[in-house]
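Encoded as C-alpha cells, the structure appears first; notes follow it.
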Amino acid sequence: MLARVTAASSCPEGTDAYTLSIQAGGCCMRFSTMFGRTWREIPSEAETESHRLSLRAALVRQIAAGIYAYLPLGWRVLRKITQIMREEMDAVDGQEISMPVVQPAELWRASGRYDAPAPGPALLRFKDRGDHDMVLGMTHEEVVTALARQEINSYRQLPLMVYQIQTKFRDEPRARGGLIRVREFVMKDGYSFHADTNSLDTYFERIHQAYLNVFARCGVQVFAVEADSGIFGGSQSYEFMVLSSIGEDTLVTCAACGYAANAEKATFVKGEAAKGDLLPIEKVATPGASTIQAVAAMVGVPTRQTLKAVFMSDLEGQVIFALIRGDLEVNMTKLSNALGGVELHASTTDELKAAGIVPGFASPVGVQNVRVIADESITTGTNFVAGANEPGFHLKNVNYPRDFTAEQVTDIALAQDDDPCPNCGQPLRTSRGIEAGHIFKLGTKYSSAMEATFLDSDGTAKPLVMGCYGMGTGRLLACIIEQNYDERGIIWPTSVAPFQVHLVSLGTNNPQVVEAAEVLYQELLDGGFDVLYDDRAESAGVKFNDADLIGIPVRITISKRTIEANSVECKLRRGESVELVERAQLAGWIRQALA
RNA sequence: CGGGGCGUAGCGCAGUCCGGUAGCGCGCACGGUUCGGGACCGUGAGGUCGGAGGUUCAAGUCCUCUCGCCCCGACCA
C-alpha cells in the first residue's frame, strides 16, 4: 500500500496525469484495480478484428448502436493519438479551440444545410426548453464560419488555421464494424482561412504533409487518394485511406505512376469501340437476351459495341436513364454529381413500368419522360446494339446523336481492375480502404452563404477562402489495430501504446517477489516509464495472455527465478524471444526497445 | 428504409420444433491445495428467459404487438 501511494505521487492530484506522462513519463496503473476487465471469450456481436480486440482488451464498451464508452486503456490510446494530432496541427500553425456540440439550427439554416437533402436525417435535431430548434453538431463549418465572421476583419489576420478535437454526432442509418463506423465519435477537425486561393493551395500542401506525419507516427500505412468532395466540397479533396479488407471504400491505384483515387472519383482510359459508316437502324430478334453478355453473343458483337441502360430514380420517383457502353459500369457517385448531387436509388419495377421502360430491352431510342444521362464512351464508336424497348428485340446500328438525345454526355463510368491508368495507361488496381482522414478545399461556400468577409488590401470586402481538414480519432485507433495484431492480440506501435511497459509479477504468494516487484515498479516509474503493473494473484498463463492481448510494447517479468539471477525477463510484444536483463541495465534496455 | 439473424447469469452458449420446477462452460465470492503460458478440489452468489398483451390448468417454449442488437444491401456533409 505504501508503494502504491508513492507511485501515485508521480501523478500528482489536480494535475493532468496523462500530459505529465507524455512530457516526463512515469504514469502508473495497477492491473488489480484497473476499471474494465479483459474478456477471455470472443464476443459474438463483433465481426471485425479491431472490434473484437478492442472489446476483449477492455479498450471500449458499447453503450448503444454506434455509441461507445472508452475504458482507461482505450482512452489512454485515444489521448496518445490526439496528442500526436495536436503536435502536427500546431506544427502547421494551427491554433486549438473548442466549439460546441449543441448548435443553434439558425446557423445551419444560414448555410443552407438545415433543409438541404444532403445531411438530411443524419443531422440530429431537437428543441431546447425555450422551444428553439437545435442540432447536434455533425461537423463544425457553420460554427467556425460564424466565429470567423466575428473575429476576422482584415487580410492582415490571414492566413490562419484553427482546429479542435471534439465530439461529433451523425445519426447514421447504420453503424457497423465496431469503431470504424459509429454515430458518436471524437474527431480532429481543422479549418483554415485565406485571402485567396493561392494561399489556400499553398497551405493545402502543408496540411497534406501534416496528415501524412500523423499517420506515420501512429504506425499506419495510408494512401492519399483523390476523392469526391460531394456537393458541399470545393475544387479539390484528398482522402487518406488505410488499406484494409474491411474498408468501405474502394481505391483505384496505379503501381506504375502512383495515380491513386477513390473509385467514386477515379478516371481511366475507356478505349474506343469500332467506328464505321453510319448504317440504318435494324431491328433484330433477341429472345431471352436481357443481359449485355447474352445480347452481344446473340447478335455477334463484342460487348463494347453495345449500349447498356441502368435505371436510377430520385426521391420523387423520377427515373434517370443512365446510358453507357456495354463493357463499362456506371459510377453512381459520378451520376449523382452530374445531376447536382441528388440522392438516387435503383428504380423499382413500378417506377420503370410507369415510365414505360422494358427492363432488359430498354432503349434510348424513342424513350420519353425520363432524363437520359449518357457516358462519353457512347460517342467514341458507331453502330451500337441497343434495346428496342420491346421484349425480345434489340436494335442494331444505333448512333448518337442521330438516333437519340441525352440531357448530358459526361463521365459516369466506374474504374475497375485492369482498366488503363488515365496518366500512364498501365493497368489500374482496386483495393479496399478505410477513410481515416479527409482534407478539402471549401473555397467560399460557407463564407459566402454566411457573409464571413474580410477587408482585402485593395479595400474591398471579400469572402474568406476556406479549407477543411477532418480526421477521426476512434476510427484511427481501430485502423491501427487492424494493421497491428496477431492471433494473440493487439501489437501497439510504441507511439500510441496505452503504456510503455507491462510489468508482470509472478508469485504474488511469495513476499520476497512481491517486495521486489514493488521496488521494481517504483524504479520504473522514477525512471520515467509508463507502467501497467500486473499485481494480480493470477496464474502465469492468465497474466501472459492478458499481456499479449493488451499489446503493450515491452513486457517485463519478475519472479523468484529472475530475482535469484539479479535480473528480470524482458520481451517485446512484437517478437518471440525473451531475454534476461540485469537490473542495472534495465532502463537502458527499455529505452532502446522503445526507441 | 428493404432483406436476414439474434435477444436465456458479467461473457460464450444449450433448452424453443414437440408447453410441465431454468441449465452448462468460463468468469465472480469464500475456504483449501497449487504457482513461468488461460491450475485443481470444495462451497456459494447471481436470471421478472428484452418488454407488453393474449392462448392455456400450466408459457423461456405457442400467437400478436413492441423494443434492442448484429449482418447484407440502400445510405454515408
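In this structure, the ring of A:Tyr469 has its center no less than 6.0 angstrom from the ring center of A:Tyr191. Checked against the 6.0 Å centroid criterion, the rings of A:His208 and A:Phe240 qualify as a close aromatic pair.
For the P atoms, the distance from B:rG12 to B:rU55 is 36 Å, rounded to whole Å. Between B:rC72 and B:rG23, the two C1' atoms lie 34 Å apart (nearest whole Å). Comparing the C1' positions of B:rC62 and B:rA74 gives an interatomic distance of 35 Å, to the nearest angstrom. For the P atoms, the distance from B:rA29 to B:rC70 is 30 Å, rounded to whole Å. Comparing B:rC57 with B:rC6, their P atoms are spaced 31 Å from each other, to the whole Å. Using atom C1' as the reference point in both B:rC11 and B:rC1, the two lie 33 Å apart (nearest Å). When the C1' atom is used for both B:rC24 and B:rG32, the distance is 25 Å, rounded to whole Å. Of the P atoms belonging to B:rC63 and B:rC18, the separation is 10 Å, rounded to the nearest Å.
A sub-4.0 Å separation between OP1 or OP2 of B:rA39 and a side-chain N or O of A:Ser539 is present. In this model, the phosphate group of B:rG27 is approached by a side-chain N or O of A:Arg40 to a distance below 4.0 Å at OP1 or OP2.
Remark: A:Arg109 CZ to A:Glu142 CD distance equals 12.5 Å, nearest 0.5 Å.
Judged purely by distance below 3.5 Å, without hydrogens or angles, the side chains of A:His140 and A:Gln103 pair a donor atom with an acceptor atom. Side-chain N/O atoms of A:Thr250 and A:Arg432 include a donor and acceptor closer than 3.5 Å. If you check the side chains of A:Asp535 and A:Ser505, you find no donor sitting under 3.5 Å from an acceptor.
One interatomic measurement links the two molecules: CD1 of A:Ile558 to C1' of B:rG36, which rounds to 13 Å at whole-angstrom precision. B:rA29 atom P lies 12 Å from atom CZ of A:Arg536, rounded to whole Å. The separation between A:Trp39 atom CH2 and B:rG12 atom P is 7 Å, rounded to whole Å. We find that CD of A:Glu538 is positioned 13 Å from P of B:rG38, with the value rounded to whole Å. Atom CG in A:Asn509 sits roughly 15 Å away from atom P in B:rA39 (whole-Å rounding). Remark: C1' of B:rC76 and NZ of A:Lys168 are 16 Å apart, rounded to the nearest angstrom. Distance A:Glu569 CD to B:rG37 P: 11 Å, rounded to the nearest Å. Across the protein-nucleic acid pair, A:Arg555 atom CZ and B:rG37 atom P stand 10 Å apart, rounded to whole Å.
Mapping A:Glu435 and A:Arg561 onto RNA chain B via the closest heavy atom, the residue that lands nearer the 5' end is A:Arg561.
Checking side-chain atoms of A:Thr473 against main-chain N and O of A:Val186 turns up a donor-acceptor pair under 3.5 Å.
With a 3.5 Å ceiling on both atom-pair distances, the Watson-Crick or G-U wobble partner of B:rG73 is B:rC1. Pair assignment for B:rG31: B:rC41, on the basis of Watson-Crick or G-U wobble contacts that are both within less than 3.5 Å. In this entry B:rC6 has B:rG68 as its Watson-Crick or G-U wobble partner, both defining distances falling under 3.5 Å. Here B:rG60 sits opposite no nucleotide as a Watson-Crick or G-U wobble pair (both hydrogen-bonding atom distances under 3.5 Å). As the counterpart of B:rG23, B:rC13 is assigned, both hydrogen-bonding distances of the Watson-Crick or G-U wobble pattern falling under 3.5 Å. Here B:rC49 sits opposite no nucleotide as a Watson-Crick or G-U wobble pair (both hydrogen-bonding atom distances under 3.5 Å). When both pairing distances are held under 3.5 Å, B:rG36 makes no Watson-Crick or G-U pair with any nucleotide shown.
With A:Arg176 as reference, A:Glu248 is the one residue of A:Glu248, A:Glu47, A:Glu45 to meet the salt bridge (Lys or Arg N to Asp or Glu O under 4.0 Å) rule.
A:Arg61 comes within contact range of no nucleotide atom at all, as no heavy-atom separation falls under 4.0 Å. No contact: A:Asn510 has no heavy atom under 4.0 Å from any strand. Among the protein residues, A:Thr562 comes within range of the nucleic acid bases, having at least one heavy atom under 4.0 Å from a base atom. A:Ile42 comes within 4.0 angstrom of sugar-phosphate atoms only, judged by non-hydrogen atoms across all strands, and of no base.
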Contacts table for residues 552-559 of chain A: side-chain donor-acceptor under 3.5 angstrom, sequence neighbours left out:
residue, atom, partner, partner atom, Å
A:Ser559, OG, A:Arg561, N, 3.3
A:Ser559, OG, A:Thr562, N, 3.4

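Evaluation of atom-type donor-acceptor distances gives a pair under 3.5 Å for the side chain of A:Glu41 against the base of B:rG25.
A:Pro498 and A:Val77 get closest at one heavy-atom pair: CD-CG2, 3.5 Å.
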Any chance you could list the contact pattern along nucleotides 69-75 of chain B? Use B for base contacts, S for sugar-phosphate-only contacts and - for none, protein heavy atoms under 4.0 Å, 5' to 3'. SSBBBBB
